[in-house]
Amino acid sequence: MATATALRRPEIKTELPGPKARAIIEADAQFVNPAYPRPDFKLVAERGQGVWVEDVDGNMFLDCNAGVAVCSTGHCHPEVVRAIQDQAAQLIHICGTDYYYASMPELAKKLDEIVPLQRPTRTHFANSGTEAVETALKLAMHATGREKFISFFGSFHGRTLGSLSLTSSRAAQRLGFKRQVLDVVHMPYPNEYRNPFSAGDCGDGGVVQGAVNWIENRLFKTTTPPEEVAAIVVEPVQGEGGYVPAPAGFMQEVRRICDEHGILLIVDEVQSGMGRTGKMFALDHYGLKADIVCIAKGIASGLPLGVCVARADLMDWKPGAHASTFGGNPVAIAAALKTIELLQRELVANSAEVGAYLKRGLEKLMSKYDCIGDVRGMGMMIGVEFVKDRSSKIPDPDLRDRVEMETFNRGVILLGCGPNSIRWSPPLILTQDNVDIALEIFDEAIAASV
Ligand SMILES: Cc1ncc(COP(=O)(O)O)c(C=O)c1O
């Protein structure tokens, strides 16, 4: 496979999926968990390099999804690969919950410097986003002695039993799992494009006031007395729910409400963190600090790592309260340290700059197509919402699915999110030339789908 160059284009040589891909998909259908929520298009990847993914039949795709917002430094960044190889040759595992190694406190110290929390902080090392969230939930209950949580419709925080109590982006995630484990109340997310609150609730304060009134006048006065609430758990940009950023002022209001009632603010940056929004963390756009932050996906360029970073005074539980055999594995930590170095060196800035260029291009497409209802987001976390027409705003999930498929058939990988949106979450190394090609193909795909 040749190295990525700026002017390279996707190359589709076979029908999709091709013959080798079809055989693998068949084997998968026989032996692999059928609950994986795979999209209509079928990508069977063999190799990745930079922004390019080659499938088993030799088709070459421009990847604008990055393995669902994970491969922040691009596929197999040479410096990340070297860091992984060096570490694998030295020490793969020893179990950080029982023994020590230098890189664990080194990464925790680095996170202490960059995560938007009141310092000093402490970090728990886990293996995934959902584990980071489980940690945050346990910690909030332990630190406050309370057990209620407030979460948002459309949120996704994971599928293990604790985080599932928060998750509410699709019924399929809940169906069959009966009563939820945690005491969580859900409320509408302040979506500016689809204001879920009544005019009365909003007054002239818009969607932010609507959300504040919902918490203070409805939840606190009925089902959810504030003195029993351990934490409000929020994604600053809803990810699986449709790439919906919280409006300006909302996070500040949530912070205020938390402070007034001794409630902890848990910010789930699993998808929005690590440079994805053009700043290291989405919360940095709002200029405030959380009490607990969950991070995973983009932190280690594809190696499994999830972390829960918390104010040190909160994370003062006793030995045995929470730990993980594999969490913070030395190889994953080596990848994370190198990833953060690359993000700080250039990729967060690139995410902001090229992300803004991408967004401008998508806005131009919006003026061309009445079926694009909304283009939103920051950096390289951009959502495009498909509707029947812009005036009715009626969601068009079928059109979204067709666009996703047509884009794939032309060699660009994009994944849906929410009921009728497409997410742009490319590797943060994406260039303007890559954007031009991706937009040209997206344009053709929409034209072929409407
Ligand atoms: C915001 C958010 N939190 C948590 C998770 C769960 O992460 P994982 O799939 O690694 O368990 C996800 C995954 O998409 C996510 O987007």
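Worth saying up front: this structure is predicted, and the values here are computed from it rather than measured. In each ligand, atom 1 is the first atom listed, and ligand 1 is the first ligand listed.
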Classify the ring geometry of F408 against F61: parallel below 30°, tilted from 30° to 60°, perpendicular beyond 60°.
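Aromatic pair F408/F61 classed parallel.
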Taking [X] first and then [Y], would you say they form a salt bridge - that is, a charged N and a carboxylate O separated by under 4.0 Å?
| X | Y | value |
| --- | --- | --- |
| K138 | E134 | no |
| K338 | E341 | yes |
| R376 | E192 | no |

Please tabulate, one pair per line, all N/O donor-acceptor pairs under 3.5 Å involving side-chain atoms of residues 62-70, not counting sequence neighbours.
unit_1 : atom_1 : unit_2 : atom_2 : d
D63    : OD1    : N65    : N      : 2.8
D63    : OD1    : A66    : N      : 2.9
D63    : OD2    : A66    : N      : 3.3
D63    : OD2    : H75    : NE2    : 2.7
N65    : OD1    : V68    : N      : 2.9
N65    : ND2    : S425   : OG     : 3.1

Within the protein, residues bringing a heavy atom under 4.0 Å of ligand 1, chain by chain:
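These residues qualify: S128, G129, T130, F156, H157, G158, E235, E240, D268, V270, Q271, K297.
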Pair I295, F281 - check side chain to side chain contact (heavy atoms under 4.5 Å, CB included), show working.
CA-CA 10 Å; I295 308 166; F281 293 96; 3.5 Å; yes
